[in-house]
Structures are given as C-alpha cells and as structure tokens.
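Here is the structure we will look at, set down as structure tokens.
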Amino acid sequence: MLNPVVAIDGPAASGKSTVARGLAARLNFTYVDTGAMYRAFAWLALERGVDPADRVAVSGLVERVPLALTISGGSVQTRLDGRDPAPFIREERVNAAVSKIAAVPELRERLVIEQRKLRNLAPLVMEGRDIGTVVFTDTVFKFFLDADPVIRARRRQRQGQSDVVAARDQADAARAVAPLTKAADAVLVDATDDDADTIIGKILQICRARGLSAAKVDAL
Ligand code: DC
C-alpha cells in the first residue's frame, strides 16, 4: 500500500516550514522541505560559477552532479556531490538565485522524480510550491497556506534574513513549469492571524476526518 502524503504548498514565509515540521512530528511522518533541494542546487551553481538563469548550463549541472536524499531523525537530508549544503542554503545570495534556478525544467524533472521516490520509504509531510499540483496530485491531504504579504515580509526580517519574498513569489508564480498556485482540490489555510499550533490543529482535524492516522513509531 502507498504511504500517505500530506502536501503543504504556499508562498515564501507563509509559515509552511513550521507547520509542516510540526505536523510531521505529531503524525510521526517524515518531514520533507523541497525548497531546501532547490536551494541546494542554487548554492552549488553559485559555487561553480554557473548562472542560475542559464538553462543549458544548469541542465548540465543537473545531469552531472550526484544527488542523494536520505531520511534520518524524521527529516530528509540532501547531499550534492557528496557535500552537505545545509549550512549555506539560507544565504542572501541563495535567496536571490533560487527562483531563477527553480524555473529550469530539467532541474524540476530531476527533483520531482527523487521527491516521489521518498514515498516508498516513509509516510511524508512534504512542503513546497508544487507538491499538490505536480509531485503528489493524487493525495487527498492537500493544503495551501497563505498569509498577508506584509506579515510574511516581517516574519523573514524577524528571522534575521534579508529575503526578496515578494519578488520570489512573483517569479515562482509566473514561471512556465509548475508555477506556484493552489491546487483546485487543496484546502486554503489563511495563516495571517493564527499561530502555528492552531494551524497544525486545524490541518490535523481535516486530515483525520479524511481518514489519516499517525504512523506507529515502531513502524518507522
Ligand atoms: O520554500 P523555500 O522558500 O525555501 O523555497 C525556495 C525556492 O525554491 C522558492 O522561491 C521556489 C523554489 N521551490 C520550488 O520552485 N518548488 C518547490 N517545490 C519548492 C521550492
């Protein structure tokens, strides 16, 4: 039987990560941050002097570089060419480059294949931009988190990050392949006023009403 997947999509700084991580903990599911994978490739391109907007050069990188996704401690770790990009993927230069590289179809194809494989390993809470519209269109546990843009920009500032949130959203929503958009069958959750625990509670309630139950810890 297929492992269940909870899909959480939404714009930058909508609170997706906190909510998805919290949900995964409550359900004993594996948390998957797909933005981290696009960020990892953006970082690698910058390291190698590859223009993240150059489709041909990025496709070459995507073809050549070994990518390994592994599950440990309830979440997925990404390694690119044997290196762990995690310490670098929130850098300002990566924030500025990631939407460009995320528009390259060859990169998206490769990552979608890898993301789908994770379902064979564990039940998932996966967050991103295209989880409900492309990666796992068949899941019935589909949510789109949104929040007021002013609140989102403030949230990033509080996290000490200089992030081009509005510009990133615009680029993510305007791209030809897998644009940021709510799946028709996703439940829209407005995260402007509620805290993460309240949102997690709401989502859990909907998931349970649709037949989802927590994974048994010893089954993981
Ligand atoms: O979730 P995040 O802000 O860390 O994502 C970084 C960028 O990666 C985002 O601006 C667009 C891209 N992204 C994507 O195109 N598709 C996904 N499933 C996840 C992220």
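Ligands are counted one by one from 1 in listed order, and the atoms in each one are counted from 1 as well. When a residue number appears, it is its place in the shown sequence, counting from 1.
- Both Phe141 and Leu27 belong to a common hydrophobic cluster when Ile, Leu, Val, Met, Phe, Trp and Tyr are linked at side-chain heavy-atom distances under 4.5 angstrom.
- Only side-chain heavy atoms of Arg90 come within less than 4.0 Å of ligand 1; its backbone N, CA, C and O stay farther off.
- Residue-to-ligand polar distances place Thr34 within reach of ligand 1: an N/O pair is separated by less than 3.5 Å.
- When each atom of ligand 1 is checked for a heavy atom of Ser99 under 4.0 Å away, the hits are 10 (O).
- Under a 4.0 angstrom heavy-atom cut-off, Met37 registers as lying outside contact with ligand 1.
- Rounded to the nearest 0.5 Å, atoms CG (Leu23) and CD1 (Ile8) are 5.0 Å apart.
- Between atom 9 (C) of ligand 1 and the options Asp172, Val134, Val135, the minimum heavy-atom separation is to Asp172.
- Evaluation of the salt bridge (Lys or Arg N to Asp or Glu O under 4.0 Å) rule for Asp197 yields no partner, not counting sequence neighbours.
- The residues Arg90 and Asp33 are annotated as salt-bridged, a charged nitrogen and a carboxylate oxygen being separated by less than 4.0 angstrom.
- Taking distance alone, with nitrogen or oxygen atoms compared against 3.5 Å, Tyr38 stays at or beyond that limit from ligand 1.
- Each of the following atoms of ligand 1 lies closer than 4.0 Å to a heavy atom of Ala102: 12 (C), 15 (O).
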List the steps, then state whether side-chain contact (heavy atoms from CB on, under 4.5 Å) holds for Phe143 with Ile206.
CA-CA 10 Å; Phe143 301 86; Ile206 296 170; 3.9 Å; yes
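- Shown here are the salt bridge (Lys or Arg N to Asp or Glu O under 4.0 Å) partners of Arg21, two or more places apart in sequence or in another chain: there are none.
- The closest approach between any non-hydrogen atom of Arg108 and ligand 1 is below 4.0 Å.
- With a 4.0 Å heavy-atom cut-off, ligand 1 is reached by the side chain of Arg168 but not by its N, CA, C or O.
- Residues Arg119 and Leu124 form a side-chain contact, since some pair of their non-hydrogen atoms from C-beta on lies under 4.5 Å apart.
- Here atom 5 (O) of ligand 1 lies nearest to Arg129 when heavy atoms of Lys100, Arg129, Arg175 are compared.
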